[in-house]
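The next block holds one structure in the form of structure tokens; read it before the comments.
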Amino acid sequence: MGIKEYSLEMRGMPHCDLEEYFLSIGGKWDGKGTYFAPNWEVNLSDTWSCTLGSIQIPATQVIFRVDEEDWPEIIRAFRLRFLSAGG
């Protein structure tokens, strides 16, 4: 198994919530938008506005670099943290 790169576009999540999450699980910030720990690395893009009809929603590209066998647990915890039903 090797290091794989996975990309997600997160819409409706404030950039600061994403930053806080990666720091709270033990990540360190390199000062350039990358968070890293011994078994993962994540790059957060700058936030941009995504237009859906007349609504403007913040969007951020999240790029994970993680060992393939660690991916299921990392994405499960990430999705659980940012699970939302809208409304």
Side-chain angles (χ1 to χ4, degrees):
M1 298 267 170
I3 300 296
K4 294 286 189 172
E5 186 171 287
Y6 303 92
S7 179
L8 297 175
E9 184 176 304
M10 298 297 294
R11 293 182 180 178
M13 300 296 154
H15 198 272
C16 62
D17 287 358
L18 295 166
E19 292 171 341
E20 289 172 9
Y21 172 74
F22 291 113
L23 292 173
S24 75
I25 62 169
K28 305 289 184 221
W29 182 51
D30 73 353
K32 301 175 188 171
T34 301
Y35 297 82
F36 59 93
N39 61 336
W40 56 264
E41 179 180 307
V42 171
N43 183 271
L44 297 179
S45 73
D46 290 335
T47 300
W48 71 91
S49 289
C50 180
T51 303
L52 299 172
S54 62
I55 299 172
Q56 297 276 329
I57 297 173
T60 304
Q61 188 77 25
V62 182
I63 300 172
F64 293 85
R65 287 176 205 85
V66 61
D67 192 306
E68 197 171 1
E69 60 188 45
D70 293 333
W71 173 245
E73 180 59 29
I74 289 172
I75 192 62
R76 184 196 66 76
F78 181 78
R79 289 191 187 275
L80 187 60
R81 166 57 182 86
F82 291 101
L83 181 67
S84 65

For this session: Say whether, by atom type as modelled, one donor and one acceptor occur between the side chain of His15 and the main chain of Ser45 under 3.5 angstrom.
Result: yes
Check the angle between the aromatic planes of Phe22 and Phe78 and answer parallel, tilted or perpendicular using the 30° and 60° thresholds. parallel
Requested in this report: Determine whether the side chains of Thr60 and Thr47 contain a donor N or O and an acceptor N or O closer than 3.5 Å.
Outcome: yes
All heavy atoms of Cys50 vs all of Ala59, minimum pair found to be CB-CB, 4.3 Å
Next on the checklist: What I'd like to find out is whether the side chain of Asn39 reaches to under 4.5 Å of the side chain of Val66, using heavy atoms alone.
Outcome noted: no
In short, Trp29 meets Gly33 closest at the heavy-atom pair NE1-N, 3.3 Å
Shared ILVMFWY cluster between Leu23 and Trp40, side chains joined below 4.5 angstrom? yes
Phe36 vs Asp30 side-chain heavy atoms within contact, under 4.5 Å: yes
- Do the side chains of Phe82 and Ile63 join up, straight or via other hydrophobic residues, at under 4.5 Å, putting them in one cluster? no
For Asp67 and Ile3 the tightest heavy-atom approach is N-CD1, 3.7 Å
Side chain to side chain contact (heavy atoms under 4.5 Å, CB included) test vs Phe64 passes for just one of Asp70, Ile74, Asn43, namely Ile74
Cluster check Ile75, Met13: I/L/V/M/F/W/Y, side chain < 4.5 angstrom
yes
The reported gap from CD in Glu20 to CZ in Arg81 (rounded to nearest 0.5 angstrom) is 8.0 Å
Listed pairs under 3.5 Å, donor-acceptor, residues 5-12 side chains, sequence neighbours left out:
| residue | atom | partner | partner atom | Å |
| --- | --- | --- | --- | --- |
| Glu5 | OE1 | Arg65 | NE | 3.1 |
| Ser7 | OG | Gln61 | NE2 | 2.2 |
| Glu9 | OE2 | Arg11 | NE | 2.6 |
| Glu9 | OE2 | Arg11 | NH2 | 2.9 |

